[in-house]
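First up is the structure itself, then whatever we jot down about it.
Below, read A as the first sequence line, B as the second, and so on, with proteins coming before strands; counting in each chain starts at 1. Note that this is a predicted model, so its numbers are computed, not measured.
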Amino acid sequence: MSDRYDFKILQEKWPSRWSQSGLFKTSENRSKPKFYCLDFFPYPSGHGLSVGHLRNYVPTDVISRLKRMQGFNVLHPMGWDAFGLPAENYALKMGVHPTDTTAKNAANYRRQMDLVACSYDWDREINSTDPEYYRWTQWFFLLLHKRGLAYQAKGSQWWCPSCRTILANEQVEQGLCWRCESEVTKKDLTQWYFKITSYSERLIDDLKTVDWPENIKKMQENWIGKKIGAEVTPEHPFVEMLTHPDNKTIVEEYVADSKKKSEIDRLSAEKEKTGVPLGSFAINPFNDEKIPLYIGDYVLSSYGTGAVMAVPAHDERDFAFAKKYHLPIRQVIAAKGDEEKPFSEAFTEYGVLIESGEFSGETSECAIQKMCSWLEMKNLGKRKVNYKFRDWLISRQRYWGAPIPIIHCDFCGSVPVPEKELPVILPKVISKVDSWVKANCPNCGKSANRETDTMDGFACSSWYFLRFLDPKLKSFAFDREKASYWLPVDLYVGGAEHAVMHLLYARFWTKVMADEGLIPFNEPFARLRNQGMLLASDGQKMSKSKGNVITPDEMVEKFGPDTLRAFILFLGTFELEVAWSDDGIKGMHRFVNRVFDIVQEFPGGPNSAEGEKADELTRWIHKTVKVVTRDLESFSFNTCLARLMEFVNALSDFAKDPNIAETKLWREAIETLLRLLAPIAPFLTEELWERIGYKDSVHKETWPTWKEELLQENIAVVPVQVNGKLRDQVRIPVNFSDDDVRKECLKSERIVKYISGKTIVKFIHIPKRMVSFVVK
RNA sequence: GCCGGGGUGGUGAAACUGGCAAACACGUAAGAUUCAGGAUCUUAUGCCUGUAAUGGGUUUAGGGGUUCAAGUCCCCUCCUCGGCACCA
């Protein structure tokens, strides 16, 4: 047997043994506590995985392995969110059916995940494009429909010309399509929506109950955009109704004109605001004054009622508009104490009301409340909560998706496909096939047409975490009893780019399921963490077109899976973006080899170790167990590796001493090292575990624990400051009183040098940390 | 504009409730080994200064403050990345 670390031999040797013993199969042994560790549902792209993806999959794998060793029942599954455009476009271009591309790509992902030893339970692999999967996506559509949460409406919506489909609001980022980054335009179409807005309150409130990164919670909150104001009758001024006959022509021209302008122009904040008078007036209920009505392009039709009371003196946009059209600008709020100050631009801050009748003198905050109450009292209006949030548009004008299970009947309207007829299976051919579209109305039996739009892919990922519990179950989407055991997901890891898409949609579906009584929880993901992006060594994003992609395949070939895994963890702070380093991975390879050599060369012996050095090694063992455990649990993978490196550096020193290296204590040290390293470097540790004499797998070992009392030292080396400057380090027994410490410090010449001839004004002693003299 | 994250050596980064700034690596330099290259090992490495030692000074974007003590807390300014953006 080779006495060098040869990862290629280990890669041959171990995987078959592991799969034979079923090491990573999830057990349903309910006597253990459970841990559900999940990755975001990946789309298996034709490019395969890059090392960047491993920043997601390696940490979750390490945590899963840690939790297994800690005695948890771990569910760590993987599956494929495989509906989507690339496969469809590829099919159109190359004539290969998406089913085949999808299967091929998924198999490749799985091969690469195996390559880096991800310990998924592959018996639970799922694929959203499998009819046995999407039948349940369709079932959930029907559930939403039944509960009045799915509806059709015509409206102006985002259209991506490159993807040739409508998108939901969340899927447009800075005017660009989230997937292909094309500029989006608007289009009017009748579309299916899910009424996610009726869950706005709960989607905000329940954020308090989850352990998620603050910024993701904030993004969701901002996206929902709750705001309280007053709504004053009339509630909806339709343009035609309110247009005075004399102004009809110019208003119509204006509306036609605005429609021609591109979305980009209309959205620009700097653009000059335009509008035309309707020729009619509204009455301000507060002072009975006539207010001219205008139609303008800077008021959003989709927010609130689509009509606003302009306040030119206190809003920059209204100010600009009023100036342009010579409308009166009346100041009613002033800065406190500055009420007489002349006024030349919009004053948008809160202040004190002036010239506002009975409300004059009130602060803005109070006035808002009082004026709302005043309106409500007089029955002229009421407090109103508004949200920026829009309903989720789910129709996609694409082939490769889950068909919306609806039949359009001329007589009965849109009729849901009966549950027992699910799944509505996609036609084999990528085009509208008459024989597929034609169907009988489930209601009246007359001939009717199927809905040809498919569902947004985010529908598939809104419930997939339930399917893993029992992926082959025929009778329902998931096993309800298992759901109450396994869920919610204990740890969920993926990229921050899904902050307001997938994560919001999945939360919404979960709440609907809870309302239906299907599940006993309201939030699907208890703890969420986002990995940072991995850039190429040139600091740019890895992309095929730039030719800077690094694959796990080439790195495993060069350094093996253990080194690659450890390096991915060591590379940088988990949440932050970091650039790949070719030199860095060599350093990690050195470390892995050092571990191999030291364990191999010094397997320990029967002697017992005594004395100061033995105590020191004992402290090292316990301290390392403590910090490594803490670091893994807090996602500080980089410092975790640093601790393990320090430990190995220290062991290298200890090994030089035969009074240590041939003892049982040394044996304990290397066994502890192997256990701690097992989740990170599964091949290396398994091989060494065998070589030091164990028959069974290191991955079945229990996670080491530490004894707090064994990491205490009797003597602490404490820094001593004089007037804030470090002057010496003094060895102080930990049980010394403040006075003893003071005396001990004053024995140091280096300290006395700075104190002599002066008086000690203050003496501070923080045990084991710091001594500080203040002298004058 | 608003919201959120950042700014620490040549590089990636550490630093728990304020308590030795720069752990752990990479890189670099010198030495050992080697026919050579590579690999490995040892030592040094924030900056300035130096009488060379157990020396002195200085340093966490910039400025001010609180404190015996500040990367960490408070105030102001600058830069940067991400999200939202005519939401009245």
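- Considering only side-chain N and O atoms, A:R590 lies nowhere under 4.0 angstrom from the phosphate OP1 or OP2 of B:A39.
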So what does the secondary structure string of RNA chain B come out as, 5' to 3', with Watson-Crick or wobble pairs under 3.5 angstrom, [ ] for crossing and | for pairs with another strand?
(((((((..(((......[....)))((((((.......))))))((((.....))))..(((((..]....))))))))))))....
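- For A:N649, a side-chain nitrogen or oxygen approaches OP1 or OP2 of B:A25 to under 4.0 Å.
- At a threshold of 4.0 angstrom between heavy atoms, the contacts of A:Q729 include nucleobase atoms, whether or not backbone atoms are also involved.
- If you check every strand for non-hydrogen atoms under 4.0 Å, A:G225 touches nothing.
- Side-chain atoms of A:R769 lie closest to B:C16 of the nucleotides B:C16, B:G56, B:A14.
- No engagement by A:F591 is indicated, since no non-hydrogen atom pair under 4.0 Å with the nucleic acid exists.
- At B:U40, none of the side-chain N or O atoms of A:Y5 fall inside 4.0 Å of OP1 or OP2 (strictly under the cut-off).
- For A:K217 and B:G4, the shortest distance from a side-chain N or O to OP1 or OP2 is not below 4.0 Å.
- The nucleotide whose nearest atom lies closest to any side-chain atom of A:K218 is, among B:C20, B:C3, B:C41, B:C3.
- Less than 6.0 angstrom separates the ring centroid of A:F321 from the ring centroid of A:Y294.
- Within residues 634-644 of chain A, the residues having any heavy atom closer than 4.0 Å to RNA chain B are, in order of number, A:N638, A:T639, A:A642.
- In this structure, A:R507 is positioned above the aromatic face of A:W212, its NZ or CZ under 6.0 Å from the six-membered ring centre and within 45° of the axis.
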Protein and nucleotides 67-71 of chain B: nitrogen or oxygen contacts under 3.5 angstrom:
unit_1: B:C68; atom_1: OP1; unit_2: A:K762; atom_2: NZ; d: 3.1
unit_1: B:C68; atom_1: O2; unit_2: A:S772; atom_2: OG; d: 3.1

